[in-house]
Amino acid sequence: MNLPSVNRRQMALYVFFVPFVFKVVMLPGYLARGAGRDAWLSVALLLAIELAELALILLIHRAGGLSAFREKAGAVLSNIVLVPLLFAFGAKTIVYLSEAINYITAYLFYNITNLSVAVIFLVVIGYVALRGMTAVVRVTELIAWLLPMILVLGLLFGKVHIEPMRLLPVLGDGTRDVFDTSGGHLMWTANLTPLLFCRVEKPEGAKKYYVPIAAVLAFGGVTAVYLFFVMNYGASAELIENAFARLAAFNVVNTQIGSIDWPAVALWIGMATVTLASKIFASGMIFENAGIRREAGIIVFLTVVGIVGYLWFNNVEKAYVLGTSVVSYIVIGVTFLSLLVILITLKLKITVAEKGGRTIETVG
């Protein structure tokens with residue numbers, strides 16, 4: 001399996017942006033329905049799960065990465081561990097793709113069908129995935145330059161109407177709603193798994209702090225968005241379908257100075273492309289590990305996801321049902337079980353050799 005190389009700066013940018021993407025669109029309204037003003041605590045729990053996933057991935061890279069795992073475990077065991085991730089990537093892609101299509105059709109165009117947007121979007125993310133993880137992280141580097149522009153526009157033209165008292169009392173209704181709401185939306189966490197399918201350069205000097213700093217900033221940034229969201233909308237937060245679309249407009253009346261949300265929209269669409277393309281790329285790598293060409297695997301994966309999504313989950317309501325069903329527990333379980341098996345295998349002082357397919361050779 002030929003793993004692409006990613007440097008620490010690129011990995012840090014990926015770790016910073018990806019946790020934001022699908023946590024700031026439909027999810028704020030979903031969490032507000034269950035946890036009310038404590039929605040920010042629910043998303044903090046989801047982010048904590050994502051940090052735990054990142055910690056496992058970093059430990060795996062430190063122990064030699066996926067190439068070392070395949071060499072140590074052998075082709076059969078590595079396929080047993082990795083192939084179930086196709087289900088996790090497929091389920092997430094269907095749910096996230098539905099949200100992206102809903103956002104694009106509702107806020108960017110008029111008189112356009114979901115199918116038209118879906119076909120175009122699948123072509124775009126498929127092309128980026130075919131170019132590999134190197135292309136994915138380079139796209140991240142390019143669109144990251146929109147962030148300073150967004151911050152400047154927000155400071156110059158943004159109108160903030162927030163009421164901090166809307167956050168109080170914290171946990172006034174106890175912790176059960178917060179935990180139940182987080183547990184019901186596990187499909188929206190653990191999105192860093194594609195980093196497993198690349199080689200990361202060994203950190204030197206200050207570079208070793210890039211990824212941890214990016215993770216902390218992502219945690220704080222997403223939580224801050226939710227705090228602002230609740231303080232801005234209060235009890236009506238649960239009625240907001242696309243939180244990002246509202247927040248990106250900076251509460252500015254467009255007839256006065258024109259639309260200033262386009263940089264934020266461009267950033268979100270770009271990062272949605274990165275998030276989905278990286279999952280599709282990782283799926284292609286799983287096919288390659290099984291002896292099938294990565295490009296062919298990506299085409300097969302996209303075809304299956306497209307057909308299943310179109311036939312059974314062709315609107316955002318149906319996708320939400322999928323995302324909050326028992327499937328979400330299977331997805332999170334498969335993800336963490338695979339990561340733990342890989343890490344434990346790398347730490348064990350045994351190697352499953354290819355001779356006869358069953359030989360175990362002690363190496364230490």
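The structure displayed is predicted, hence computed values, not measured ones.
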Can you list the steps and then say if Val139 with Thr273 is a side chain to side chain contact (heavy atoms under 4.5 Å, CB included)? CA-CA 9 Å; Val139 171; Thr273 300; 5.8 Å; no
With the 4.5 Å side-chain cut-off for hydrophobic clustering, are Leu51 and Leu59 part of the same group? yes
Using 0.5 Å steps for rounding, measure from the CD1 atom of Ile286 to the CG atom of Leu66. 9.0 Å
Report yes or no: does Thr335 contribute a side-chain atom to a donor-acceptor pair with the main-chain N or O of Val331 at less than 3.5 Å? yes
The reported gap from NZ in Lys279 to CG in Leu85 (rounded to nearest 0.5 angstrom) is 10.5 Å
Is a donor from one side chain sitting under 3.5 angstrom from an acceptor on the other, for Lys207 and Asn7? no
Any side-chain heavy atom of Val128 sitting closer than 4.5 Å to one from Ile125? no
Do Leu337 and Ile332 sit in one hydrophobic cluster, given that two such residues count as connected whenever their side-chain heavy atoms are within less than 4.5 Å of each other, even indirectly? yes
Of all heavy-atom pairs linking Pro19 and Leu47, the shortest is CB-CD2, 4.3 Å
Given Met285 and Leu3, is the side chain to side chain contact (heavy atoms under 4.5 Å, CB included) satisfied, shown in steps? CA-CA 8 Å; Met285 295 301 293; Leu3 299 177; 3.6 Å; yes
If two hydrophobic side chains count as joined below 4.5 Å and joins carry through other members, does Tyr329 share a cluster with Leu322? yes
Counting C-beta onward and ignoring hydrogens, is there a side-chain heavy-atom pair between Val6 and Met133 closer than 4.5 Å? yes
side-chain contact (heavy atoms from CB on, under 4.5 Å) test vs Leu54 passes for just one of Thr193, Asn191, Val211, Ile49, namely Val211
Donor-acceptor contact below 3.5 Å, side chain Thr105 vs main chain Asn102: yes
Could you tell me whether the side chains of Asn79 and Asn289 share a donor-acceptor contact shorter than 3.5 Å? yes
Tell me whether Arg294 contacts the main-chain N or O of Glu288 through its side chain, where contact means a donor paired with an acceptor under 3.5 Å. no
Between the side chain of Ser42 and the main-chain N/O of Val178, is any donor-acceptor distance below 3.5 Å? yes
ILVMFWY cluster, Ile299 and Leu122 together (side-chain gap under 4.5 Å): no
Testing the basics here: between Glu53 and Leu192, what is the closest heavy-atom pair and its distance to 0.1 Å? OE1-N, 3.1 Å
Main-chain N/O of Leu171 paired to Thr175 side chain as donor or acceptor, under 3.5 Å: no
Is any side-chain heavy atom of Trp40 less than 4.5 Å from a side-chain heavy atom of Leu167? yes
Separation of Leu195 CG from Leu56 CG (nearest 0.5 Å): 12.5 Å
Check whether Leu168 and Leu227 end up in the same hydrophobic cluster, where Ile, Leu, Val, Met, Phe, Trp and Tyr are linked by side-chain heavy atoms less than 4.5 Å apart. yes
For Arg138, look at atom CZ and say whether over 12 heavy atoms of other residues, nucleotides or ligands are found less than 6.0 Å away. no
Going from OG1 on Thr275 to CD1 on Ile280, what distance comes out if it is rounded to the nearest 0.5 angstrom? 11.0 Å
Is the distance between the ring centroids of Trp268 and Phe22 under 6.0 Å? yes
So, taking the atom named CG in Leu45 and the one named OG1 in Thr189, what distance separates them when rounded to the nearest 0.5 Å? 10.0 Å
One pair to check against side chain to side chain contact (heavy atoms under 4.5 Å, CB included): Val274 and Val137. What are the steps and the verdict? CA-CA 8 Å; Val274 164; Val137 294; over 6 Å; no
I'd like to know if the side chain of Arg37 reaches the main chain of Pro169, judged simply by a donor and an acceptor atom lying under 3.5 Å from each other, with no hydrogens or angles considered. yes
Could you check whether any side-chain heavy atom of Thr140 comes within less than 4.5 Å of a side-chain heavy atom of Phe16, counting everything from C-beta outward? no
Using only atom types and a distance under 3.5 Å, with no angle test, would you say the side chain of Arg166 pairs donor to acceptor with the backbone of Asn232? yes
Which distance, rounded to the nearest 0.5 Å, do you find between the CE of Met11 and the SG of Cys198? 6.5 Å
Parallel, tilted or perpendicular: which fits the ring planes of Tyr30 and His185, with parallel below 30° and perpendicular above 60°? parallel
Quick check: do Val200 and Gln10 have side-chain heavy atoms less than 4.5 Å from each other? no
Between Phe197 and Phe281, is the ring centroid distance below 6.0 Å? no
Between Leu196 and Ile342, is the side chain to side chain contact (heavy atoms under 4.5 Å, CB included) condition met? List the steps. CA-CA 10 Å; Leu196 185 67; Ile342 293 170; 3.7 Å; yes
Is it the case that the side chain of Lys92 and the backbone of Met187 share a donor-acceptor pair, with hydrogens and angles ignored and the cut-off at 3.5 Å? yes
Is the backbone N or O of Leu239 less than 3.5 Å from a side-chain atom of Ser236, with the two atoms forming a donor-acceptor pair by type? no
Could you tell me whether the side chains of Glu50 and Trp188 share a donor-acceptor contact shorter than 3.5 Å? no
Within the distance-only criterion (no hydrogens, no angle test), does the side chain of Ser98 pair as donor or acceptor with the backbone N or O of Ile94 below 3.5 angstrom? no
Ala44 to Phe219 - nearest heavy-atom pair and separation: O-CE1, 3.6 Å
Can you classify the ring geometry of Tyr226 versus Phe229 as parallel (below 30°), tilted (30 to 60°) or perpendicular (above 60°)? perpendicular
